[in-house]
Amino acid sequence: ERSEDWLSARLVAETVLNEALVGPSLTAGIIGGDVDGRRWSATLRQVNSPDGAGADSDRVLLDVSVRVTVSGRRSLEVETMRIGVAQ
């Protein structure tokens with residue numbers, strides 16, 4: 001693969017984070033799709049507070065991992081956090 005492939009995968013990850021993984025209705029789960037011919041998947045996991053803080057709220061913290069195929073078996077992974085809705 002070339003450096004352009006990695007740059008393209010990073011741009012896809014940024015697009016996913018800024019367009020697909022925004023808004024007040026995010027929930028834990030796995031989603032995916034294609035952007036500019038590159039396959040991506042996102043895993044959203046609810047982060048539980050060890051002291052139970054926020055347990056009565058409908059908002060939750062989500063750990064987000066976006067993986068974008070670069071070439072063959074290689075992929076780029078970007079991690080961040082989002083605010084979502086409790087299920």
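- With V64 as the fixed residue, the side chain to side chain contact (heavy atoms under 4.5 Å, CB included) test singles out one of R45, R82, E79: R82.
- Using a 4.5 Å heavy-atom cutoff, the side chains of L26 and L44 are in contact.
- When all heavy atoms of A9 and V70 are compared, the pair lying nearest together is CB-CG2, 3.8 Å.
- The side chain to side chain contact (heavy atoms under 4.5 Å, CB included) test applied to R67 returns S41, S75, E77, not counting sequence neighbours.
- Side-chain contact between W40 and V35 is present, with at least one heavy-atom pair separated by less than 4.5 Å.
- In this view, E4 and R2 satisfy the salt bridge (Lys or Arg N to Asp or Glu O under 4.0 Å) rule, not counting sequence neighbours.
- Across every non-hydrogen atom of L62 and G84, the tightest pair is CD1-CA, 3.8 Å.
- For the pair M81 and V47, the tightest heavy-atom approach, listed with the atom from each and the gap, is CE-CG2, 3.6 Å.
- Applying the salt bridge (Lys or Arg N to Asp or Glu O under 4.0 Å) test to D34 and every residue at least two apart in sequence or in another chain returns R39.
- Across all their heavy atoms, Q46 and A28 have their closest contact at N-CB, 4.1 Å.
- Of all heavy-atom pairs between R59 and V85, the closest is NH1-CG2, 3.4 Å.
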Donor-acceptor contacts under 3.5 Å from residues 14-22 side chains, at least two apart:
unit_1: E14; atom_1: OE2; unit_2: R10; atom_2: NE; d: 3.3
unit_1: E14; atom_1: OE2; unit_2: R10; atom_2: NH2; d: 2.7
unit_1: T15; atom_1: OG1; unit_2: L11; atom_2: O; d: 3.0
unit_1: N18; atom_1: ND2; unit_2: E14; atom_2: O; d: 3.0

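- We find the CG-CG distance between L76 and L7 to be 10.5 Å, quoted to the nearest 0.5 Å.
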